[in-house]
Amino acid sequence: MIDRLEKEVDMLERHLQVLRMVIENEPIGIVKMSNETGYPHHKVRYSLRVLEEENLIEPSSQGAITTEDTAEFVSDLDSDLDEIIEKLEGMKIDEVPEIEG
């Protein structure tokens, strides 16, 4: 159960790292991103596809570039993550009576 969540968080981390690279280096291509992050080309390509589907980047002849939606997404990101962290904190089972087994 937790394994799936961890995999999703890892994938989100990769998507955000790719987005950060586009923001800082636009236009930027798959090869450069793969070389700088160490992620295989197919994983970078997948992250770019996800970011494009979310309208956060778009392709250009020079490489990936940001869109008009990118700045708003980035400005909301910290508060969105804080809400998720708060929800996860609330899921903790701190004190459990002794479980008989």
Side-chain angles (χ1 to χ4, degrees):
M1 189 165 55
I2 296 296
D3 292 345
R4 282 191 308 221
L5 176 61
E6 188 174 4
K7 286 177 184 174
E8 286 293 324
V9 169
D10 288 345
M11 190 167 33
L12 176 61
E13 181 181 31
R14 186 181 76 233
H15 295 337
L16 292 176
Q17 187 175 3
V18 167
L19 178 61
R20 180 181 286 119
M21 289 190 74
V22 174
I23 292 168
E24 293 173 353
N25 302 291
E26 65 180 314
I28 185 169
I30 292 172
V31 173
K32 184 173 182 179
M33 281 190 261
S34 179
N35 289 340
E36 291 190 18
T37 62
Y39 293 127
H41 291 198
H42 71 277
K43 290 196 175 206
V44 172
R45 189 175 294 111
Y46 178 73
S47 290
L48 289 170
R49 186 176 330 120
V50 169
L51 294 169
E52 186 177 355
E53 287 172 2
E54 293 293 323
N55 200 36
L56 297 174
I57 64 160
E58 58 188 25
S60 77
S61 59
Q62 308 283 314
I65 58 173
T66 57
T67 68
E68 59 188 31
D69 294 346
T70 308
E72 182 180 353
F73 173 82
V74 170
S75 70
D76 294 343
L77 181 61
D78 285 352
S79 63
D80 291 344
L81 289 174
D82 286 341
E83 286 178 25
I84 294 167
I85 290 167
E86 188 176 320
K87 189 179 284 188
L88 289 170
E89 287 285 341
M91 291 181 194
K92 288 183 178 178
I93 302 174
D94 295 327
E95 294 182 28
V96 179
E98 192 171 317
I99 300 173
E100 296 180 19

request  = Please say whether more than 12 non-hydrogen atoms of neighbouring residues, nucleotides or ligands are located less than 6.0 Å from CD in E68.
outcome  = no
query = Are V9 and V18 connected in the hydrophobic side-chain network, where two residues link if heavy atoms are under 4.5 Å apart?
reply = no
query = Any side-chain heavy atom of Q17 within less than 4.5 Å of one from Y39?
reply = yes
message = Show the nearest heavy-atom pair for residues L88 and L5, with the distance to one decimal.
response = CD2-CD2, 4.0 Å
key: Sidechain-backbone polar pair: T66 side chain, I57 backbone, donor-acceptor under 3.5 Å   = no
ask   = Can V74 be reached from V50 by stepping across I, L, V, M, F, W or Y side chains whose heavy atoms are under 4.5 Å apart?
value = no
query = Do H15 and M11 have side-chain heavy atoms sitting under 4.5 Å apart?
reply = yes
ILVMFWY network linking V44 to L12, side-chain heavy atoms under 4.5 angstrom = yes
task = Kindly give the heavy-atom pair with the smallest separation between A64 and V22, and that separation in Å.
result = O-CG1, 3.7 Å
key: From D3 atom CG to K7 atom NZ, the distance as rounded to the nearest 0.5 Å   = 6.5 Å
ask   = More than 12 non-hydrogen atoms from neighbouring residues, nucleotides or ligands closer than 6.0 Å to OH on Y46, yes or no?
value = no
request  = State, to 0.1 Å, how close T70 and T67 come at their nearest heavy-atom pair, and which atoms those are.
outcome  = OG1-N, 3.0 Å
request  = Working to the nearest 0.5 Å, report the span between CD of E52 and CZ of R45.
outcome  = 12.5 Å
query = Taking all non-hydrogen atoms of both residues, which atom of S60 and which atom of P27 are closest, and how far apart?
reply = OG-CB, 4.1 Å
note = In terms of heavy-atom contacts, K43 and R14 come closest through O-NE, 3.4 Å
message = Between L48 and M33, is there a side-chain heavy-atom distance shorter than 4.5 Å?
response = yes
inquiry  = Could you measure the distance from the CD1 atom of I65 to the CG atom of L56? Nearest 0.5 Å is fine.
reply    = 13.0 Å
key: From CD1 (I23) to CZ (R20), nearest 0.5 Å   = 8.0 Å
request  = Give a yes or no answer on whether the side chain of S34 reaches the backbone of I30 with a donor-acceptor pair at less than 3.5 Å.
outcome  = no
remark   = Heavy-atom nearest pair, L19 first then L51, reads N-CD1, 3.8 Å
